[in-house]
Amino acid sequence: MSASRRDFLESLAIGSTGLMGLSLAGCAASGVAPAGDGARPLRAAFSNAGLQSTWCELGKKTAELWGRLLNIEIEWFDGEFDPGRQRDKIDSLTGRDWDFCCFQAVQIDSLAEPVKRLRDRGIPVISMDTLLVDMDKMRNTGVWCEVMPDHVDMAEKSVGYLMKKIGGRGKVIHIGGLDGHSGAQGRRRGFENIVEKFPDVEVVGGGVRWCDWKKEKARNTFEALLQQETTPIAGAFFHSDDMALGAIPALKGTIHEKMIVVAVDGQKDGLDAIRAGTLAASAVNPVCRIHQTALFLGHFIARNKESVDSVPLEIITPGPLVTMDDPQALQAMYYLADPLHCMV
């Protein structure tokens, strides 16, 4: 087995399989009744950025799958990629009884006030993927733990692969998510960290173009950038597979057809595109593991009656790079991210 494949599989196994065993067996070890042994169902409120995204939709499926396995009743509040609408929905749930809540904020600070009300009622809140508030404000706000990938690292891996494929020279496009989204800001920094090492690379338009995670906006922006260039553009980095796959068809019939495109997410649609050769690489943003880990934390906090001081402030999930360079690692991702399993 190659070193890259071994590292890939080990990084997945450490998180998913270890946490699965920990959650299903840990209750017995701690003396707490596991799901199915007469323990009452727990109640949890979940919200992520927007179910229009395949990433968020898979996160919902993950929480619901593992919720059934762990005897947790989940109610979902779709963020709709709108900070105001998500805030209204979270405001509406703060007066109800929950064992714990797990939120991915559309925009940093937008959910701070309702989370404080949950804090005052003694309801733990776990933040997923993006910062709900700045890290130094988390505990005072009522956030027990942040479960997130390393957004900078994911972008660095993806953009590093892009630089390798284009020989570290030429024009590139940078299509970003939502400006106020902490994950998108991390991906921007990761892109810039890599590109600044390559003086022969020029970013078309001078920098990131924010497209709010919207496929149509990403495609329109991408097409406009293509049309302004009279020589072939070497590559592009998208903050999500969804935006990349929505924009790639615009390359057909242009002088840019051979462009190398990379992204972040590494879930089924992106994996299909890698296998087909339309997407060169995607760094895994482990949606299943993030939602699964948040659920496991809430489960333990509630079942074991744990204190906030016993819970880590931050849990970082690994995000390996997926390419056709290692087909077996690609096949492993298909299995682990399948909605039947919801592990990565």
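Contact of the Met148 side chain with the Thr317 side chain is not registered, since no non-hydrogen atoms from C-beta on lie closer than 4.5 Å. A heavy-atom distance below 4.5 Å is not found between the side chains of Val143 and Ile126. Within the 4.5 Å cutoff, the side chain of Leu251 has heavy atoms near those of the Phe222 side chain. Residues Phe237 and Ile175 are not in side-chain contact: their nearest non-hydrogen atoms beyond the backbone lie 4.5 Å or more apart. Using a 4.5 Å cut-off on side-chain heavy atoms (C-beta onward), Met243 and Ser240 make contact. With contacts defined as side-chain heavy-atom distances shorter than 4.5 Å, the pair Ile90/Phe103 qualifies. Within the 4.5 Å cutoff, the side chain of His299 has no heavy atoms near those of the Asn71 side chain. Side-chain contact between Pro286 and Met343 is absent, with no heavy-atom pair separated by less than 4.5 Å.
With Arg187 contributing its side chain and His239 its backbone, the two residues share a donor-acceptor pair below 3.5 Å. In this structure, the side chain of Asp338 engages the main chain of Leu340 through a donor-acceptor pair within 3.5 Å. No donor-acceptor pair under 3.5 Å is formed between the side chain of Ser47 and the backbone N or O of Asp78. Using a distance-only test at 3.5 Å, with no hydrogens or angles considered, a donor-acceptor pair links the side chain of Ser158 to the main chain of Ala263. Under the 3.5 Å distance criterion, the side-chain polar atoms of Arg43 are left unmatched by any main-chain donor or acceptor of Ile74. Looking only at distances, a side-chain donor or acceptor of Asp150 sits under 3.5 Å from a matching main-chain atom of Asp153. Under the 3.5 Å distance criterion, the side-chain polar atoms of Asp82 are matched with a main-chain donor or acceptor of Gly84. Judged by distance alone, the side chain of Ser127 and the main-chain N or O of Thr130 form a donor-acceptor pair under 3.5 Å. For Gln331 (side chain) and Pro327 (main-chain N/O), no donor-acceptor pair under 3.5 Å exists by modelled atom type. Looking at Lys197, its side chain never comes within 3.5 Å of a backbone N or O of Gly168 through a donor-acceptor pair.
For residues 103-112, the set of pairs meeting the side chain to side chain donor-acceptor pair (under 3.5 Å) definition, not counting sequence neighbours, comprises Gln104-Asp129. Applying the ring pair (Phe, Tyr, Trp, His ring centres under 6.0 Å) test to residues at least two apart or on different chains, the pairs with a partner in residues 313-337 are Tyr335-His341.
Note: Leu295 CG to Cys288 SG = 12.5 Å, rounded to the nearest 0.5 Å. To the nearest 0.5 Å, atoms CG (Leu42) and CD (Glu73) are separated by 9.0 Å. Between the SG atom in Cys102 and the CH2 atom in Trp144 there is a gap of 12.0 Å [rounded to 0.5 Å]. Going from atom CG of Leu245 over to atom CG of Asp272 covers 9.0 Å, rounded to the nearest 0.5 Å. With rounding to the nearest 0.5 Å, the separation of CG in Leu226 from CZ in Arg219 is 9.5 Å. For the atom pair Cys101 SG and Arg119 CZ, the distance stands at 14.0 Å (nearest 0.5 Å).
Electrostatic pairing of Lys171 and Glu229 counts as a salt bridge here, judged by a charged N lying under 4.0 Å from a carboxylate O. In summary, Arg121 and Asp97 engage in a salt bridge, as defined by a charged side-chain N under 4.0 Å from a carboxylate O. A salt bridge is defined here as a Lys NZ or Arg NE, NH1 or NH2 lying under 4.0 Å from an Asp or Glu carboxylate O, and Lys116 with Glu113 meets this definition. Ionic pairing of Arg189 and Glu156 is not present here: no N-O contact between side-chain nitrogen and carboxylate oxygen is shorter than 4.0 angstrom. A salt bridge links Arg117 with Asp91: the closest approach of a Lys/Arg side-chain nitrogen to an acidic carboxylate oxygen falls below 4.0 angstrom. In summary, Arg68 and Glu64 do not engage in a salt bridge, as defined by a charged side-chain N under 4.0 Å from a carboxylate O. Between Arg40 and Asp99, at least one side-chain nitrogen of the basic residue sits less than 4.0 Å from a carboxylate oxygen of the acidic one, meeting the salt-bridge criterion.
Across every non-hydrogen atom of Ala218 and Ala247, the tightest pair is O-CB, 4.4 Å. Between Ala244 and Val261 the shortest heavy-atom distance is CB-CG1, 4.2 Å. Pairing each heavy atom of Ala280 with each of Val262, the nearest pair is CB-CG1, 4.1 Å. Nearest approach of Pro124 to Ile301, heavy atoms of both residues: CG-CG2, 3.8 Å. The nearest pair of heavy atoms linking Leu162 to Gly235 is CD1-CA, 3.9 Å. The two residues Arg87 and Leu111 make their nearest non-hydrogen contact at CA-CD2, 3.8 Å.
Placement of Val106 and Ile108 in two distinct hydrophobic clusters is found when ILVMFWY residues are connected by side-chain heavy-atom separations under 4.5 Å, directly or transitively. The hydrophobic clustering, which links ILVMFWY residues whose side-chain heavy atoms are closer than 4.5 Å, places Phe100 and Ile315 together. Leu118 is connected to Val133 through a chain of hydrophobic side-chain contacts under 4.5 Å among Ile, Leu, Val, Met, Phe, Trp and Tyr, so both are in one cluster. By the criterion of side-chain heavy atoms lying less than 4.5 angstrom apart, applied directly or through intervening Ile, Leu, Val, Met, Phe, Trp or Tyr residues, Phe81 is not grouped with Leu132; the two fall into different hydrophobic clusters. Linking Ile, Leu, Val, Met, Phe, Trp and Tyr residues whenever their side-chain heavy atoms come within less than 4.5 Å places Val159 and Ile166 in a single cluster.
Using cut-offs of 30° and 60° on the angle between ring planes, the pair Trp98 and Phe77 is perpendicular. Ring pair His174/Phe191 is parallel by interplanar angle, where below 30° counts as parallel and above 60° as perpendicular.
Within a 6.0 Å radius of CD in Glu216, no more than 12 heavy atoms belonging to other residues, nucleotides or ligands are found.
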When you look at Met154 and Asn285, which way does the side chain to side chain contact (heavy atoms under 4.5 Å, CB included) test go after all the steps? CA-CA 7 Å; Met154 291 188 300; Asn285 185 7; 3.7 Å; yes

Let's go through Gln228 and Val204 carefully: what are the C-alpha distance in whole Å and the side-chain angles of both, what is the deciding distance for side chain to side chain contact (heavy atoms under 4.5 Å, CB included) to 0.1 Å, and is it a yes or a no? CA-CA 9 Å; Gln228 75 181 39; Val204 178; 3.6 Å; yes

Let's go through Tyr161 and Ile260 carefully: what are the C-alpha distance in whole Å and the side-chain angles of both, what is the deciding distance for side chain to side chain contact (heavy atoms under 4.5 Å, CB included) to 0.1 Å, and is it a yes or a no? CA-CA 10 Å; Tyr161 188 81; Ile260 305 298; 5.7 Å; no

Given ring-ring contact (aromatic ring centres under 6.0 Å, His included), test Trp213 with His181 step by step and report yes or no. CA-CA 10 Å; Trp213 308 113; His181 183 283; 5.0 Å; yes

Test His291 against Trp55 for ring-ring contact (aromatic ring centres under 6.0 Å, His included), laying out the working first. CA-CA 11 Å; His291 287 73; Trp55 191 93; 5.6 Å; yes

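A donor-acceptor contact closer than 3.5 angstrom links the side chains of Gln185 and Arg188. With hydrogens and angles left out, the side-chain atoms of Gln267 and Asp265 include no donor and acceptor closer than 3.5 Å. Side chains of Thr54 and Asp269: no donor on one and acceptor on the other come within 3.5 Å.
Every side-chain contact (heavy atoms from CB on, under 4.5 Å) that Pro339 has, sequence neighbours left out, goes to Leu58, Lys61.
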